[in-house]
Each structure stands twice: as C-alpha cells, then as structure tokens.
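One structure is given here, and the rest of the page talks about it.
Note that this is a predicted model, so its numbers are computed, not measured. Chain naming here is simple, since letters A, B, ... match the order of the sequence lines and numbering starts at 1 in each.
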Number of protein chains: 2
Amino acid sequence: MSAITERRERERAQRHQLIITAARELAETEGWEAVTTRRLAERVEYSQPVLYSHFNGKEAIMRAVALEGFGELAALLRAAQPGGLRAVAGAYLAFAAERPALYQAMFVLPTDVKFAHAETPPALRACFDAFVGCFAAGHPRRELFAEVSWGALHGIAALAENGRIPPEGQADRLDVLVTQFAGG
Amino acid sequence: MSAITERRERERAQRHQLIITAARELAETEGWEAVTTRRLAERVEYSQPVLYSHFNGKEAIMRAVALEGFGELAALLRAAQPGGLRAVAGAYLAFAAERPALYQAMFVLPTDVKFAHAETPPALRACFDAFVGCFAAGHPRRELFAEVSWGALHGIAALAENGRIPPEGQADRLDVLVTQFAGG
DNA sequence: GAGTCAATTCTAGCAGTGCTAGACATCCTG
DNA sequence: CAGGATGTCTAGCACTGCTAGAATTGACTC
C-alpha cells in the first residue's frame, strides 16, 4: 500500500516534470503563443484535464518553467561572479539571447512570482545577489546599483529580443554599460 | 459627387481615429488583454467587420495606437531636451509610468514597426534623437551611448511596470543611471 | 418621385483558445 | 470476485480573432 502510493507519487512527479519540459521545449522552438493546452497535452500524450490536475492553469505552467530558468541563470551568474560585473553581465546577456522564450517567461510575461519580497524564490534571489556581489562590500548604495545594472541589462536584452534594437550590437552596449557602472 | 465622396472620406477618417482612440482608452483603463475586437466594436458602435475595413487586424490597431504614442513621447522628450539627460530620462520614465498600456504597445508587445531602419516612423526617430542630443556633438560614441541609456531606462520602466521591481524606487534608479552616464 | 445598382454594414459562423463537469475506465482492497 | 476509490477522458462552455455572404442603406437615373 505504501509502496504503491509511493510509486504513484513518483510517476506523478515524473509527469509533472514532463509537462514543464514539454512546455519549455515547445516555447523555445515555436514561441509561447504556440504553447496551447491542447498542443501541450498532445505532446505529453495525455488529455488536457491532466494538465489541470498538476497545475492551476496555463499561467502556473509558465511560472514553473520560469522557476527552472531562475535556477539555471543563478548557476551561470554565480559561475561568472569571479570575473566581476563584466563577466556577470555578459553571462546574463548570453542567457537572454540563447534562451529567448525562457527569458521571456522569467522577466517579460505577466507573472505572480514575487520579486524583492519575503516569498521570493531562492534561485531568483541568488540571481540578484550575483549582481550585488559585483559591487564592493562597503559601497554605500550597493543594492541600488545592482538593481539598476540588472535593469539596464534587461532593457538591452528585451529590446534586442523583440526587434527594437539590432541584436548584433549587444557586445558594444555591454561594454558601455559595464564601463559606466564599474567606474562608479 | 466629388463633394459626397469627400464627405464620406472625412467620416471614414473620423471613424478611423475613433477606433484608435477607443482601443487606447480601453487598453489604458483595463489593459490590452481586455481589448477584444468585440468589445472594441461595441465601443465604437459598429460591428466587428468594420474594424477590418479600417485595419488589417487587431495588431494593426495596436500599431496605430503605438504610433500615436511615439508622437506624444517625442514631444515630451523634445521639451525636456534643454534640461539634458536628467530631464529627458525623467520625462521618459514619467511617460512610461503614467501611460503603461500605451508604453507597452510601443516597446513591449510584438510589433512590425521598424526601429533603427530606413522605414522608421519619424516620431520614433525623433524620440531616439532626443537621447542622442543629450551627449556632446563631438562624443565619439554618441549614438551608442544614446542607445544604451535608452535601453537602460526601458529596463527600469519595464521591470517596474510588470511588478518585478518596486515602482517607488524609480527616482533613485533614475539618479544612479543619469549620474553614471552623464559622467562619461 | 420610383427604380436601379453599387457601396456599406451586419448577421452568422469558422476554427481556435483556456478551462471544467460528468461519464468512464482502471486498479487496489476486503 | 464484488466494492469503492482513484485516475483519466470525452464532450462541452464561453470566449478569442477573423470572414463569407446576406441585408440594408443611400446615391443616381429616368
């Protein structure tokens, strides 16, 4: 009995992850507008209602995908940490450029995820902390600088992603941004 | 005959503008997700197909709204021009905060409007030029600096708008941004 | 004025969306 | 092997953007 329910829960958890992965892959190959509950259900080889037994709706699935993204981004930024702001910022822009759909779920699409809040997911907080760590410990407005440099990077990334800025100039923009902020 | 067709064209142009205004108002009061062709048609007191005789679909209506926004933003930025980067950046953030839906149509939602291109609408180019004008005429990388400072502002505005950053800290962020860029 | 005809506007409907109630099947328990 | 809970699916709702073809309007000719 206990063994059976355990197995069931294991299978359920597997399917849970399968849905997240399928949604992410679909979004990364065809964009979020192509991620419909019907296509997603077909992809995981279950009917639509199964999705709703795992998630509280489509938005919840996207939130789960975004959460996965926060974990990956945090790892990348932490790895770049020793290289200072230039390396962290470069890693950030590379992440945004290489996984546009994932980045969109994390930072562009409407979300319920709490930012700068007590309930902020640890992975997300770790991302922010990577930026904070780029400024000296004694810096009087350390958090503020982290926030602004992150925001600035996001602007560059977002505009490039939706075609408002030519993507090929990102390296130059990164250089300007880092130079202006590292000097302060 | 000519007088009649002229009157008809006049009425048609009026209705054209009515649709744009209605879409904008609806978006500004309830958000773009509330702007459906049915609700918009009801608002202008015509049936849905009329919308399609004026615009090539919902996206075209949003593009028209965005274009209106570019004109207004350009006027605001030009007026702030004498105050330098601080004034221009402040006007930009104020615009984004006061007309979030309009700003979203201009810079966040998918669009076909050409940026940094031969077909770029004059109003949009004027917005960019306002940023360029904030840097000395002899500045070696004038356009690049304009691009990056605009991008940085967009990041701050976008993150604040969708709840990723507490909106009450915008003044401090603006201060940091301007200080770092005006110094270069 | 009455009739004709073109331009305009609307009704009705298509294929798609997110989501859900209730029927159905499956599997464990006694 | 029957009973019952668990899980899954079918079918459908109200909505979306969009459009074909019917209906109406209104300007022009006789």
Side-chain angles (χ1 to χ4, degrees), chain A residues 1-20 22-24 26-27 29-66 101 104-105 109-112, chain B residues 1-20 22-24 26-27 29-66 101 104-105 109-112:
Chain A
M1 164 171 137
S2 172
I4 284 174
T5 46
E6 264 181 37
R7 189 215 58 201
R8 291 225 260 219
E9 275 179 21
R10 221 167 38 234
E11 286 174 353
R12 198 177 159 73
Q14 242 173 282
R15 199 171 58 177
H16 188 92
Q17 184 58 44
L18 179 63
I19 294 172
I20 297 176
R24 176 176 171 171
L26 203 46
T29 55
E30 303 187 43
W32 280 108
E33 72 282 355
V35 182
T36 70
T37 56
R38 278 170 181 80
R39 290 198 62 185
L40 188 52
E42 189 188 19
R43 192 118 162 182
V44 298
E45 297 179 308
Y46 282 94
S47 65
Q48 289 172 278
V50 170
L51 303 180
Y52 293 88
S53 78
H54 283 272
F55 298 95
N56 218 4
K58 191 185 169 184
E59 284 205 357
I61 298 177
M62 294 172 57
R63 190 166 26 215
V65 172
Q104 207 175 3
L109 300 178
T111 186
D112 292 345
Chain B
M1 168 171 141
S2 171
I4 284 174
T5 44
E6 263 181 37
R7 189 215 58 202
R8 290 224 261 219
E9 274 178 22
R10 221 168 37 236
E11 287 174 354
R12 199 177 159 73
Q14 242 174 283
R15 199 172 57 179
H16 189 90
Q17 184 57 45
L18 180 62
I19 294 172
I20 297 176
R24 176 177 169 169
L26 202 47
T29 55
E30 304 186 43
W32 281 108
E33 73 282 354
V35 182
T36 71
T37 56
R38 278 170 181 80
R39 289 198 61 185
L40 188 51
E42 190 187 19
R43 192 117 163 185
V44 298
E45 297 181 307
Y46 283 94
S47 65
Q48 288 173 278
V50 170
L51 303 180
Y52 292 87
S53 78
H54 282 271
F55 298 94
N56 219 3
K58 190 185 171 183
E59 283 204 356
I61 298 178
M62 294 171 59
R63 190 166 26 212
V65 172
Q104 207 175 3
L109 299 178
T111 187
D112 291 346

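Between A/Met62 and A/Val35, the closest side-chain pair of non-hydrogen atoms is not below 4.5 Å.
Regarding B/Ile61, its CD1 atom lies at a distance of 9 Å from the P atom of D/dG17, rounded to whole Å. In this structure, the CE atom of B/Met62 is 11 Å from the P atom of D/dC18, given to the nearest Å. Distance B/His54 NE2 to C/dA7 C1': 13 Å, rounded to the nearest Å. Separating the CD atom of B/Glu45 from the P atom of C/dC10 is a distance of 11 Å, rounded to the nearest angstrom. For A/Tyr52 and C/dT17, the OH to P distance is 11 Å, given to the nearest whole Å. We find that CD of A/Glu33 is positioned 12 Å from P of C/dT17, with the value rounded to whole Å. In this entry the distance linking CD of A/Glu42 with C1' of D/dC9 reads 15 Å, nearest Å. In this structure, the CD atom of A/Glu11 is 16 Å from the P atom of D/dT6, given to the nearest Å.
Checked by distance alone, A/Gln48 brings a side-chain donor or acceptor within 3.5 Å of a matching partner on the base of C/dC19. No hydrogens or angles were tested; on distance alone, nothing pairs the side chain of A/Arg38 with the base of C/dG16 as donor and acceptor under 3.5 Å.
Across B/Ile61 and B/Ala23, no two heavy atoms sit closer than the pair CG2-CB, 3.7 Å. A/Leu51 and A/Thr37 get closest at one heavy-atom pair: CD1-O, 3.5 Å.
Considering only the side chain of B/Val50, C/dT9 comes nearest among D/dT8, D/dA11, C/dT9. Closest approach to the A/Ser47 side chain among C/dC19, D/dT10, D/dC18 is made by D/dT10 (side chain taken as heavy atoms from C-beta onward). Across D/dG12, D/dG17, D/dT8, the shortest atom-to-atom separation from the side chain of A/Arg15 is found for D/dT8.
Under the side chain to side chain donor-acceptor pair (under 3.5 Å) rule, A/Arg63 has a single partner from A/Asp112, A/Thr111, A/Asn56, which is A/Asp112.
Here the CG atom belonging to B/Leu18 is positioned 9.0 Å from the CZ atom belonging to B/Arg15, to the nearest 0.5 angstrom.
Nearer the 5' end of DNA chain C, as judged by each residue's closest nucleotide, is the contact made by A/Thr36, out of A/Thr36 and A/Pro49.
Taking 4.0 angstrom as the limit, A/Thr37 places a side-chain polar atom (N or O) nearer than this to OP1 or OP2 of C/dG18.
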